Amino acid sequence: MTANLKRGASTENDKKPKKAKQNIGSDSESELSDVPDEPQQPPQVEQVTQVKQESPSNLKHASDVTPKVENTNGLEISSDLVNLKEIENNKVSNDQDLNTSTVSPKKPSKSNKPSDDSDFDEKPKARSSRRSTSAKKEKKENVTDDEKKTPKKTPKNSSQPPNQTPNGDVKDEGDEEDDYKWWAEQGGFGDGTERWSTLEHNGVFFPPEYIPLPKQVKMKYDGKLVELSNEAEEVAGFYAAVLGSDHAADETFNKNFFQDFQSVLRDYPPLDGTKIKDFEKCDFSPIREHLDIEKEKKKAMTKDEKKRTKEQRDEIENPFTHCLLDGRKEKVGNFRIEPPSLFRGRGAHPKKGKLKLRIKPEQITINIGKDAKIPDAPPGTNWGSVQHDNTVTWLATWKENINGAYKYVYLAPGSTLKGQSDMSKFEKSRELKHYIGNVRESYEADLQNKVMFDRQRATAAYLVDRLALRAGNEKGEDEADTVGCCSLRCEHVMLRPPNLVTFDFLGKDSVRFYQEDIKVDPQVFKNLRIFKKEPKGPQDPIFDRIHTTVLNNYFRGFMKGLSAKVFRTYNASITFQEELKQTPNEGTVAEKLLSFNRANRNVAILCNHQKNVSKSHDATMDKMGDRLKALKYQRRKLRQMLAQVADDKKVYKDHPSFKDEESDLEDEWMDAHEENERDKEVERQKKKFERDNEKLRNEDQKEMKPEDLGERLQEVEEKWKTVTKERRAGKPDVGKKNQTQLTTAMQKMEDRLEAFRVNASNKDEVKDVSLGTSKINYIDPRITVAWCKAYEVPVEKVFAKTLLTKFTWAMETSPDWKF
DNA sequence: GCAGGCGACTCAGAAAACTCAAT
DNA sequence: AATTGAGTTTTCTGAGTCGCCTG
C-alpha cells in the first residue's frame, strides 16, 4: 500500500466536528483575568519561532525559515528610488520599441507552423492603447433571454476601440503578442473594474463523444460477462481506469462510485438483464486489460505516427487555443472542457468517487466582446447563454455537478491579463513592507487586550504573519475536513510550557501541517491556553469569536487590499530575498544553482508545500551511495599513489586532508566493485569484438578468431587481478605520474567528492518538498531575475519555458532591484 | 448589521507528457 | 543508433481565498 504519508489518515475522527460554537464563555474581563498581567512585555523584536519539522532533515534550516524582516521603511527608500528610475527608463525604451515595431515593416513570423494560423490572424489587429480610465461603458448584457445573473457592479467607463495603433497601423502578425509591454506603461490596471475592451474567441473545445468498447470487452459480474449499455459501460470504464490506484482501495470512493454506477444502471440497464447489486461481485479488470493494451499500442506507435496524431489533434484544437483580447492574440489556458470521469477529491473528501458528468454546450455560458461574433456551439446544440461582461476575465463558465462549483475558462498564465494580476499581486505584497511594522505593533499590543474578540483577532494575526498560515474559511459538511488559521480546533494545538506550541492539522489539499514545539511569544502561548480552556473540547474551535472576514477587515484597516494571503506572499518573497543575499557569488553556476534551490526550499518549507516522495527515491539514493563509494575508491587509489611519490612533506602541509583515509569503504565492497568493473569491461570487450568482426565481414576481410577474443579477455582478467593485489597491498602502480600531477588529481577528486555529497544530501532533503508552488505563486520573479543577473546565472536555468513566458514582465529587472 | 452564500479568482499536488542521459 | 528509464516540465482540475450581494 502506498498510503500517502503526507496526508492525514481519514480514520480517527470520522465524525465531523460540530460547527463552531459561537461565543463560548463571555467577553467579560474576568474571563481574561487569569492572565497575570505581565509587566508590559516589550513587543519582542525577535520572535523567532523555532520551526521544527517532522523530518530530521529539516532541522537544520528550521530556524532560518521564520521571516525576520522588520519594518524597513527608512532603509528601503533608496532602493525604491532606484526603482522608479528604472521604471522610467524602461518606459522610455519601451515606447521606442512600440514606435519602431509599429512603423517598421512587419517582422518575419517567428514560426510558420499552420497551428499559428488561427482565424484571428486574418483580422486586423493592433496593439491596444492603454485602457482609458475615464471613458464610460455599458454593463454587460446577455444575449439570450434566460439571463440568470444580474450585473454586480457598474464598471466605470470604457475606452475607444483599441484595434488600431495610434498611427493607424494595423498589426498583422498574430504571434507578436509578446511585443506588448504592458508592464512598462503607467497606471496599469486596478483603478477600474474593467479588464478589457474587446474580446473575440471561438468558444471551447469539447472532449470526443464516448466510443464504445469492442464487442468482446466486457466487465464481469459474479464471474459472468455482462452486456452493458453504452452509458453504463462508459462509467465502468472510468472505474477500470483507477483500478490499482489508491482510489480503488478507498471505501468512500468505492461507495460513491457504486451508488452513481447503479443509478446509471437503473436508467440504462444491462442488455442481458443482469442485476448488478453488489460492488464486490463486479470485476472491471477485463476493461482495464483492454485499456492497458490500447495504451501499449499508443506507446508502440512510431515517432512519425505519434507526430501525425499530434498534428491532427492540434489541428482540431487550433481554433480554441487563442483569443483576441484588445486586439492582441493571447493564449487561452484551459480551453478543453473537462471530460467526464470519477471525481478525485483529495484527502477524506466525502464525495470522492462520484460520477462527474459530461458537460453539454447548454450548460455553458460564453463571455465575449459585445461586437464580437458569437462562436457557434457544436452542430445541433446551443450555448446556455452568452454575455458581454468586461469586468471579468473568463471566456466560458459552467457549473460542475459534484459540488455545484463554477468552472471557468481563463487565459493562459503567460497572457497580459494574468501577468497584470500577477504583477499587481506582488506589488501589493511589496507594499506591505511599509506597513508590516504597524501591523505587528498593533497585534502585539492587542495580544493582551481585555476584550476576547480583539485578543483572538490579534493571536490569529500573529499566526498568519509568523507561521504563514492560510486564513482558514469555514468549510461545509460535504467537504474534506481541513483547516486554516481561523478554523483551527483545540485538538490541532498542543501547548507545552513555558511557551512551546505544537501544531498538527490537515491544511489545504489535506496536506499535513506538523510543527513541533514552536517557540511563540509568551503572550500568544497564554492566549492559546485561554482559548482552549473548558468548557471547550477538542473539536471546538480555538478562535470562536472571529472568522476570516473579521481578520481580513482588520488587515484592510492598515493597507488597501491587505488580507491574510498577502502575508504568505510577502513572507515568502522577503525570506527568499534574504536567503539569496547569503549566497556566495563565486564558484560554478551549478554551485550557485544549488544555493538558489536551497533558498527556494526554505520558502517551500515556510509555506508547507509538500509532495509525495517518489517511489524510486530510495533506489536512487542507494545508487548515489554506490557512486559515492566508487569515487572514494578512486580517491583511495590516488591517495596511495601520492603517498608513494610524495618525497617532500609540503604536500601534506598544504593539503592536510590528503592524508585522511576514506570512510565507509570496506574491503568487501572493493572486492565486489572490482569484480563488477572487470565484468563490465569483459562485456565491453565482447561487444567490441562482435562489432569489429561485423565490420570486417562487411568489408569482406577475414574475421578474428574466437581465440583472439579469449586472449583479450585474458588480459582483462590479469589486469584486474593485479589491481586487486596492489590495492590489497596498498601500493597501486604509480606509472609515470609525478607528485604535481597527483596532487592536482587529488584536489580535483576532493572537489568532485564534495560536490557529489552536497548534491546527494540536497536531493534527499528535497525529496518531500515541492519547490514549484512557491516559485510559481509566491516568490516575486523579479527577485530571481535580479539575482540571476547579479550572479551571472542564465535565467533559463531557474525558469522553465512556461515560467519564462509567465514572468516576461519581470525579465527586465535590474540586478540591484529589491523586493 | 451581519450571516451566508455566490462568483471569480489564485493556489495546489498528482498525473501525464516530454526530455535527456545512460546503456 | 535505438531503447529505456529517471528526472523535469506541463497539464489538469480540485481546493482554497476573499469581496460582494442578498435577505
Side-chain angles (χ1 to χ4, degrees), chain A residues 4 6-7 22 148-153 193 195 241-242 245-247 295 298-299 303 306 310 333-339 341 343-347 349 351-352 356 365 367 389 391-394 397 399-400 402-408 410 412-413 417-418 421-422 425 470-476 479-480 482-487 506-511 547-553 555-556 561-566 568-569 572 604 607-612 614-617 619-620 623 680 683-684 687 763 768 770-774 776-778 799-806:
Chain A
N4 190 338
K6 204 178 66 193
R7 295 231 159 96
Q22 287 306 310
K148 33 174 206 187
K149 296 181 245 172
T150 48
K152 301 180 298 289
K153 48 210 160 188
T193 46
R195 301 300 304 274
V242 304
S245 71
D246 288 351
H247 291 303
K295 216 184 209 169
K298 227 168 140 188
K299 229 174 99 187
K303 232 177 183 171
K306 280 182 192 161
K310 191 171 184 303
N334 54 331
F335 59 86
R336 296 183 193 96
I337 295 295
E338 295 174 17
S341 65
F343 177 69
R344 290 149 129 94
R346 312 237 175 139
H349 198 297
K351 293 185 176 178
K352 57 172 27 179
K356 192 169 100 173
T365 298
N367 191 40
D389 182 358
T391 68
V392 296
T393 64
W394 50 266
T397 184
K399 205 170 182 176
E400 152 267 2
I402 308 280
N403 301 299
Y406 291 96
K407 299 274 189 165
Y408 300 89
Y410 291 112
L417 226 43
K418 290 289 186 190
S421 305
D422 210 31
K425 171 183 78 186
R470 296 187 185 84
N473 282 319
E474 294 255 320
K475 293 190 75 184
E479 297 173 274
T482 65
V483 299
C485 180
C486 294
S487 46
L506 297 186
K508 182 176 178 178
D509 288 311
S510 294
V511 171
H547 44 83
T548 54
T549 311
V550 167
L551 191 59
N552 284 334
N553 286 343
F555 286 143
R556 238 194 334 275
L562 186 59
S563 66
K565 79 193 270 285
V566 180
R568 266 169 86 79
T569 317
C607 297
N608 201 41
H609 292 145
Q610 302 184 20
K611 67 171 189 210
N612 274 330
S614 88
K615 285 187 294 248
S616 59
H617 179 77
T620 308
K623 246 183 226 166
K680 272 196 239 162
E683 276 311 303
R684 276 198 299 272
K687 273 196 184 143
K763 179 164 256 166
D768 55 353
S770 167
L771 302 186
T773 309
S774 50
I776 295 167
N777 300 301
Y778 286 102
F799 288 150
K801 209 165 67 197
T802 46
L803 279 192
L804 285 174
T805 313
K806 170 170 174 167

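Quick caveat: nothing in here was measured; it's all calculated off a predicted structure. Throughout, a chain's letter reflects where its sequence line sits, starting with A, and its residues are numbered from 1. Heavy atoms only: backbone and side chains are in, while hydrogens, waters and symmetry mates are out.
Residue contacts shown for A:His617 are absent, as no nucleic acid heavy atom lies under 4.0 Å away. Backbone-only engagement by A:Ala564 is indicated by non-hydrogen atom pairs under 4.0 Å involving sugar-phosphate atoms exclusively. Residue A:Thr548 is out of contact with every strand shown, counting any heavy-atom pair closer than 4.0 Å.
Residue A:Lys399 has no polar side-chain atom (N or O) positioned under 4.0 Å from OP1 or OP2 of B:dC6. Taking side-chain N and O atoms only, A:Arg568 has a distance below 4.0 Å to OP1 or OP2 of B:dA12. Using a 4.0 Å cut-off, no side-chain N or O of A:Lys611 falls inside it from OP1 or OP2 of B:dA14. Distances shown here put a side-chain N or O of A:Thr393 below 4.0 Å from the OP1 or OP2 atom of B:dC9. Dashed line: the shortest gap from a side-chain N or O of A:Thr620 to OP1 or OP2 of C:dG7 is under 4.0 Å. For the pair A:His547 and B:dA3, the criterion of a side-chain N or O lying under 4.0 Å from OP1 or OP2 is met.
If you measure from atom CG of A:Asn612 to atom C1' of C:dT8, you get 17 Å, rounded to the nearest angstrom. Taking atom CD of residue A:Glu474 and atom P of nucleotide B:dC2, one finds them 16 Å apart after rounding to whole Å. The CG-C1' distance, from A:Leu551 to C:dC18, rounds to 12 Å in whole Å. Rounded to a whole Å, the CD1 atom of A:Ile776 is 10 Å from the P atom of C:dT9. Atom NZ of A:Lys295 is separated from atom C1' of B:dA15 by 10 Å (rounded to the nearest Å).
Here A:Ser774 pairs with A:Asn600 under the side chain to side chain donor-acceptor pair (under 3.5 Å) rule; sequence neighbours left out. Shown here are the side chain to side chain donor-acceptor pair (under 3.5 Å) partners of A:Ser616, two or more places apart in sequence or in another chain: A:Ser614.
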Between A:Arg195 and A:Leu417, does the side chain to side chain contact (heavy atoms under 4.5 Å, CB included) criterion hold? Intermediate values first, please.
CA-CA 8 Å; A:Arg195 301 300 304 274; A:Leu417 226 43; 4.1 Å; yes

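Between C:dC18, C:dA6, B:dA8, one nucleotide has an atom nearer to the side chain of A:Asn552 than all others, and that is C:dC18. Among the nucleotides B:dT10, C:dT9, B:dG13, the one closest to any side-chain atom of A:His609 is B:dG13. With B:dA12, B:dC9, C:dG19 as the choices, the nucleotide that has an atom nearest any side-chain atom of A:Thr773 turns out to be B:dA12. Among the nucleotides B:dC9, C:dT10, B:dG13, the one closest to any side-chain atom of A:Trp394 is B:dC9.
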Using nucleotides 11-16 of chain C, report all nitrogen or oxygen pairs with the protein that are shorter than 3.5 Å.
residue : atom : partner  : partner atom : Å
C:dC12  : OP1  : A:Arg336 : NH1          : 2.8
C:dC12  : OP2  : A:Arg336 : NH1          : 2.9
C:dG14  : OP1  : A:Lys356 : NZ           : 3.0
C:dG14  : OP2  : A:Lys407 : NZ           : 2.6
C:dA15  : OP1  : A:Arg346 : N            : 2.8
C:dA15  : O4'  : A:Asp509 : OD1          : 3.4
C:dG16  : OP1  : A:Lys475 : NZ           : 3.4
C:dG16  : OP1  : A:Thr482 : OG1          : 2.6
C:dG16  : OP1  : A:Asp509 : N            : 3.2
C:dG16  : OP2  : A:Lys475 : NZ           : 2.5

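If A:Phe799 and A:Lys565 are placed on DNA chain C by their nearest nucleotide, the residue sitting closer to the 5' end is A:Phe799.
Using bins of under 30°, 30° to 60° and over 60° for the plane-to-plane angle, the ring pair A:Phe343/A:His349 lands in the perpendicular bin.
The backbone N or O of A:Thr549 sits less than 3.5 Å from a side-chain atom of A:Asn553, completing a donor-acceptor pair.
Here the shortest heavy-atom pairing between A:Ala564 and A:Asn552 reads N-OD1, 2.8 Å.
Taking NZ of A:Lys418 as the reference point, atom NZ of A:Lys806 lies at 9.0 Å (rounded to 0.5 Å).
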